Each structure stands twice: as structure tokens, then as C-alpha cells.
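Here is the structure we will look at.
Values in this document were obtained by computation on a predicted structure and should not be read as measured data.
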Amino acid sequence: MMSARTSRARLMNQPETLFHSCIRFVAKNLRLYREIEYLELLPALVKNAIFLNVVRVHNGFHDEELPRLLLNSSLTRINLSTSTITDGILALLAEKCPHLRSLTLTEGNYRFSRAGLEGMIVRLGKLQRLYAKHCPLIDDAFVLLLSSSCPQLDTLDLESCKNVGDDAADCLRVMPLVRLNVSHTGITDKFLKAIANEQCGKSLEDLNVGHCAITRDGLAALPWDTIKYIGFEGCNIEDLDIVGFGKHLKYIYWTISN
């Protein structure tokens, strides 16, 4: 009988399909096709595969013309992590991808304005997951706009968005967030206490507040009914005696402060 390891090895050694070979070739040479009329007429499945390959393998998009030809209404997940992100790109997302569920801006080259970011987010009402680390334009006011525009949001990653602070809790507390990363931001215990007994605190499964002004008082305020993963590395927490961790907790990321 063939072992699982042998089976996996054979699968990995299988030749690439013709479809994927063609996608990889077109993605690599995409600029050569920008003037060809039929590029815009390709089926959505092909466009989506090309778009994904450009981002994953070929250092992303750095103009607006090629995304204009490829973006379409069937896309529900977009990662721009290696791309230059301008107001024009954000406007294209809002115009061409009304059914977008997941958007990753993290590690992109941020060249957009606050107006461009806000103009996009108010038109993406079906968004469920947003990843936008290290974005100086994101603050408490933007989080308020995000929460009112995207009520289905369940995953929010704002790591190192330095202008996010305790006031963001006022709008996030009513959201059914499952995953929230606000590490390296300006939140304090006040933030955790504000969301603790609200919808947000009761639905959270994955929370990261590392390197924030968090103490054990803030952690103790959380209900811990649903939390499975929590990170508070770099926080001023000497011990966890008063924190009543829940039965569902699977992982803690924590280092003792000196």
C-alpha cells in the first residue's frame, strides 16, 4: 500500500496543468498584453487567476491600467500586499468588486489618501475581513466609518496603526468580531473594558493586544467565554493570578515584562 508521504511526493512532482502554465506565462508578461483588446474580455475565472499570480509571484501591480482590465464583480478576495496602492486602485476596487469579502492591504506600498480610503470603504458593504497593518491614515474616526459601512466584518487586523486608540472601542463593541489584532496601537485597559461585555467581547476567538498599554486588570475584564487565542507580548503584566482564562483557550502568546 502506498504511504501518505509517497502519495504526497508524487502529487508534488506531477507536471503543472496547461491552464496554470498559461496563467503563469501571461502573468509574467502581462505588460505585453495591456494594449490587446481581448484581455478585458477574458472569463472572470481566468482574470482572477492572473490577478492572484501577479500578486503572489510577480511583485504585484504598480499601475492602475492592468488592474482596471482584470478586476471584476466575481472577485470576493483580493490581496494587494506587494502592490503600489493608490486612490485610483481603491476606487477601482469599489467600482468593480462590489461583492468583496476579504481585502489585504498589509505590506503594500501605501500611496493613497484618507479620502481615497474612506471613499472605498463606504462602498464595500459586504466586506468581512480587512488586513491593513502599519497604516498611519487609519485612526478611531476611520474605524467608526468602517464599522458603520461594513456591518458583516468579523476579522480586523490593524497592527501598528498607531492612531487607533481607546475611542475605537465605542464602535467595535457592537460588532460580531471573531478575530481582532490591535497590537502596537494606542489602546489601553479602557478599550478592553469597553468591549468586554458587549457583542464584540462575547464573539472574539482570537485577540492580539501585544505591545499596548494593557495590564492584567484589562485582561481580567474580558468574559473569556469564546477566546481561544490571545497575545499580549510586551504588555505590563507581572502575573496572571486574577485572570480567569476560559475553558476554550488554546494558546497564549506572552512574555514576562521586566
Side-chain angles (χ1 to χ4, degrees), residues 4-5 7-112 116-117 119-135 146 149-150 152-157 159 178-179 181:
R5 179 177 297 179
S7 178
R8 284 196 298 269
R10 288 192 177 182
L11 285 173
M12 291 176 64
N13 291 328
Q14 296 227 346
E16 189 175 47
T17 65
L18 178 60
F19 175 80
H20 288 99
S21 295
C22 292
I23 292 297
R24 191 161 52 83
F25 179 83
V26 173
K28 183 178 180 180
N29 300 281
L30 192 57
R31 291 184 180 280
L32 301 178
Y33 298 92
R34 65 193 309 164
E35 304 297 334
I36 300 177
E37 294 180 0
Y38 66 74
L39 182 61
E40 193 171 9
L41 302 177
L42 290 173
L45 175 66
V46 176
K47 287 184 177 182
N48 298 349
I50 293 172
F51 192 98
L52 182 63
N53 195 278
V54 170
V55 173
R56 281 185 175 176
V57 182
H58 299 296
N59 201 31
F61 293 93
H62 301 286
D63 61 29
E64 297 172 14
E65 186 57 33
L66 291 173
R68 186 185 303 278
L69 298 174
L70 295 173
L71 292 172
N72 62 87
S73 62
S74 75
L75 276 166
T76 60
R77 179 173 56 92
I78 291 178
N79 185 339
L80 294 173
S81 60
T82 58
S83 303
T84 298
I85 310 172
T86 62
D87 283 351
I89 291 293
L90 298 184
L92 284 171
L93 293 180
E95 174 191 349
K96 292 179 171 289
C97 307
H99 304 297
L100 202 61
R101 298 290 195 276
S102 178
L103 175 59
T104 300
L105 304 178
T106 297
E107 296 183 3
N109 181 12
Y110 297 156
R111 295 296 184 211
F112 50 81
L117 185 62
M120 175 196 69
I121 213 65
V122 297
R123 297 175 64 184
L124 295 181
K126 296 182 180 180
L127 198 66
Q128 297 174 348
R129 295 175 291 280
L130 176 63
Y131 306 88
K133 296 180 181 179
H134 296 277
C135 184
L146 175 66
S149 303
C150 307
Q152 300 178 50
L153 204 70
D154 64 32
T155 299
L156 183 58
D157 187 347
E159 179 182 330
V178 177
R179 290 164 290 276
N181 184 354

Under a 3.5 Å distance rule, please check whether D63 uses its side chain to pair with a backbone N or O of F61 as donor and acceptor. no

Are any of the side-chain heavy atoms of L66 and V54 separated by less than 4.5 Å? no

Residues 123-134 side chain polar contacts: donor-acceptor under 3.5 Å, at least two apart:
from : atom 1 : to   : atom 2 : distance (Å)
K126 : NZ     : H99  : ND1    : 3.0
K133 : NZ     : E159 : OE1    : 3.4

Does the side chain of C97 reach to within under 4.5 Å of the side chain of I78, using non-hydrogen atoms? yes

Could you give the distance from CG (L100) to OG (S74), rounded to the nearest 0.5 Å? 11.0 Å

Do D157 and T106 have side-chain atoms, one donor and one acceptor, less than 3.5 Å apart? no

Is any side-chain heavy atom of L105 closer than 4.5 Å to one of C135? no

NE2 of H62 to OG1 of T86, rounded to nearest 0.5 Å, is 11.5 Å

Value for CG (D87) from CD1 (I89), rounded to nearest 0.5 Å, stands at 10.5 Å

Give a yes-or-no answer on whether the side chains of R179 and T155 include a donor-acceptor pair shorter than 3.5 Å. yes

In this structure, CG of L71 is separated from CG of L92 (nearest 0.5 Å) by 6.0 Å

Point-to-point distance, once rounded to the nearest 0.5 Å, from CZ of R111 to CG of L90: 13.5 Å

Treating S83 as the side-chain partner and G108 as the backbone partner, does any N or O pair qualify as donor plus acceptor under 3.5 Å? no

Kindly compute the distance separating CG (L70) from CG (L42), expressed to the nearest 0.5 Å. 8.0 Å

Side chain to side chain contact (heavy atoms under 4.5 Å, CB included) evaluation trace for L80 with F51: CA-CA 10 Å; L80 294 173; F51 192 98; 3.8 Å; yes

